[in-house]
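From a predicted model like this one, the values you see are computed outputs, not experimental measurements.
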There are 2 protein chains.
Amino acid sequence: MHVSPHIPTLDDVANAAGVSTATVSRCLNEKQKVSPKTLSKVMEAVESLGYTPNFNARAMAAKQSHTIGAIIPTMENAIFARGLQAFQETLLEQGYNLLVSSSAYQPKLEAQQIRELVARGADGLLLIGYERDEAVYDYLARRGIPTVLAWASMPDKGHASVGFDNRASMRLLADRVIEMGHRRIAVISGITEGNDRAAGRLAGIQDSWQAHGFDLAALPVIETPYETENGAAAFAELMQADEKPTVVMCGNDVLASGAISKARDLDLDVPGDVSVTGFDDIELAKHVFPALTTVHVPHRQMGRIAAQSLVGLIEKRSEKVTRQLDVSIVMRASLTSI
Amino acid sequence: MHVSPHIPTLDDVANAAGVSTATVSRCLNEKQKVSPKTLSKVMEAVESLGYTPNFNARAMAAKQSHTIGAIIPTMENAIFARGLQAFQETLLEQGYNLLVSSSAYQPKLEAQQIRELVARGADGLLLIGYERDEAVYDYLARRGIPTVLAWASMPDKGHASVGFDNRASMRLLADRVIEMGHRRIAVISGITEGNDRAAGRLAGIQDSWQAHGFDLAALPVIETPYETENGAAAFAELMQADEKPTVVMCGNDVLASGAISKARDLDLDVPGDVSVTGFDDIELAKHVFPALTTVHVPHRQMGRIAAQSLVGLIEKRSEKVTRQLDVSIVMRASLTSI
DNA sequence: TTGTAGGCGTTATCAC
DNA sequence: GTGATAACGCCTACAA
């Protein structure tokens, strides 16, 4: 005999406790408005029935889900892991849940995910970077969905955001590299199209290069997706040049770790034969050998502040702001003077 | 002047198109039941209004969400990334969306996340491993939520699952290590309590050790959470023994990469002074130096099959099965004969 | 092929 | 402090 499973509802609890559904709802959401007696009576019923509120019904009736959505470009590597972790922790403290999805660095997919999350009733959104179709911003505005952008910071764009200046940060590192005597720099950049962070980082190197009076045409650049394998391949290609670079600056740590790994395959010593730099300072950066010189990003701080701003916006306790965080250069063994 | 944003509903579309809500609903869900004429008329209205169906309302009315939930122990490192990726891809092909959350290796948190996902209307669940409170299984059964367990396979437990035999797999590797002449083995295991995969892997080493006639008391074991730092610390501790091990076998690649990294700090050559092995064969394993000898797990295959079984269960097209996948040993530079 | 209407499980606004 | 009752936005018999 097969009994189709009956999932207990508010009604069931109300019946079992001998009160109305309204009262049960109060017991669950605003205990203080209910007499201790009935409260305990109701809670007993809840327990014994194994009742769990239906999220969808609740969201629909209350017109808010206490859920916020985040869309990150990738979950494959740890680039966003620490920041997102902090984001989520802070959200939980504030009584919000997090829904994450990944756009695989595809603007169209991101737009779709945004609609999906909004359709699911997300009270607010966390997005990475600025660059996306204006239609997306329109959509968000029309629907009145509070949104915070992270991992970048461009104060004049008028969006709420918390991040850092990718361009200026990378320039800092490039300046350092040049000061250390490097004159033959090669770059492995992430794909810049549709990715303002990658574009900014590349531009930062170019800024520094030109400011030191060098010719842009003499700065080899390979653009490739953020994956270890690609970093390795690009490195191999760059090292085939007649004038080999003395340093390879990479758009992030993942690319850089691929480069280092390939250097070993090619029997090249890092930093003896060629220096390598990264960006992000993810966990990996400390554990590759030689350890990576990179730009340290305050991941956790960024995640925490993003959560606070977003909740502030949702609960209309604060206005849109753009917070620019400080980064720092972390000198490790992979970069040496010349 | 501030206009509170009006979000278009089925009603709005119906009005705009001059049809009933039922017809609009059909246009969205079962096009074939609608005349081409009205279809195009309706779709136009949908477009121009920028209508997106409300997920919560839909799920509630249809009593299914086309969403499946997955709870993995951690997102911090890439252990589950590839498998989950394949899981999601397959799910999308079948018209299902994936909701992921992480339990931080805490059974209580996992139980909570399960309730959360079920409350959100998940049609089915993917869980990692077998070991959890019986009450959880009861809950799932009572609610009739199809569930598939992955990353482990214990046919006699009577749960739908797709994975591999952690114990037998690790034993394979341990046999190999011993065959290669190692007689002083030390182990860095994950926390075994509440984690059948970690426990199985440790047991596999012990099986092999005893089968070769050695004493369990002479097999040093440190249990520590799956993080690089912990692998490093445990390695340092193990190498302080009077009788230094000739090989350190680690519960997974993350632990192993920490061990290798620490070896370098201690000026120990791997595998010259001491060999190191891992488990999982995640991306990292190829890129650490020296590259890791490890147990290759068919991540993508596992994810794909898990998705297919789960959808099969949900749509009642198939019965619970437990699929046991083959693993293989990948020999790389971190392990050498003695 | 299309429309009508009831119901999904909550919350929230009223009275009482 | 508690109880009716009307939303919330959609799906789905059922009827036309």
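For the pair B:Gln113 (side chain) and B:Ser102 (backbone), a donor-acceptor distance under 3.5 Å is present. Panel note: side chain A:Thr52, backbone B:Ala119; no donor-acceptor pair is recorded below 3.5 Å.
In this structure, B:Leu39 places its CG atom 9 Å from P of C:dT2, rounding to the nearest Å. Here D:dT2 presents its P atom at 13 Å from NZ of A:Lys33, a figure rounded to the nearest Å. For A:Asp11 and D:dT5, the CG to P distance is 14 Å, given to the nearest whole Å. Computed from coordinates, the B:Asn54 CG to C:dG9 P distance equals 16 Å when rounded to whole Å. We find that CD1 of A:Ile7 is positioned 19 Å from P of C:dG7, with the value rounded to whole Å. When rounded to the nearest whole Å, the span between NZ of B:Lys31 and P of C:dT2 equals 14 Å. In this structure, A:Met60 atom CE and D:dG9 atom C1' are separated by 5 Å, rounded to whole Å. Regarding A:Glu30, its CD atom lies at a distance of 16 Å from the P atom of C:dT10, rounded to whole Å.
Phosphate proximity of C:dT11 to A:Asn29: present, with a side-chain N or O under 4.0 Å from OP1 or OP2. For the pair A:Ser35 and D:dT2, the criterion of a side-chain N or O lying under 4.0 Å from OP1 or OP2 is met. Between A:Ser25 and C:dT10 there is no side-chain N or O to OP1 or OP2 distance below 4.0 Å. Regarding contacts with the backbone of C:dG3, a side-chain N or O of B:Thr23 is found under 4.0 angstrom from either OP1 or OP2. Contact check, A:Thr9 against C:dG9: no side-chain N or O comes under 4.0 Å of OP1 or OP2. For A:Thr38 and D:dG1, the shortest distance from a side-chain N or O to OP1 or OP2 is not below 4.0 Å.
Among the atoms of the strands shown, base atoms are found under 4.0 Å from some heavy atom of A:Ala22. At a threshold of 4.0 angstrom between heavy atoms, the contacts of B:Phe55 with the nucleic acid are absent. Across all strands, B:Leu10 comes closer than 4.0 Å only to sugar-phosphate atoms, never to a base (heavy-atom distances).
Figure legend: cation-pi geometry between B:Arg115 and B:Tyr139, with NZ or CZ positioned under 6.0 Å from the six-membered ring centre and within 45° of its axis.
Nearest nucleotide to the A:Lys63 side chain, out of D:dA13, C:dT10, D:dC8: D:dC8. Counting only heavy atoms from C-beta on, A:Arg26 has its side chain closest to C:dT13 among C:dT13, C:dG3, C:dT11.
A side-chain contact (heavy atoms from CB on, under 4.5 Å) with A:Ile145 holds for exactly one of A:Ile114, A:Asp123, A:Leu313, A:Val118; it is A:Val118. Screening A:Arg304, A:Arg300, A:Arg82 for a salt bridge (charged side-chain N to carboxylate O under 4.0 Å, His left out) involving A:Glu89 leaves a single residue, A:Arg300.
Residue-to-nucleotide proximity on DNA chain C shows that, of B:Ala57 and B:Thr21, the 5′-proximal contact is made by B:Thr21.
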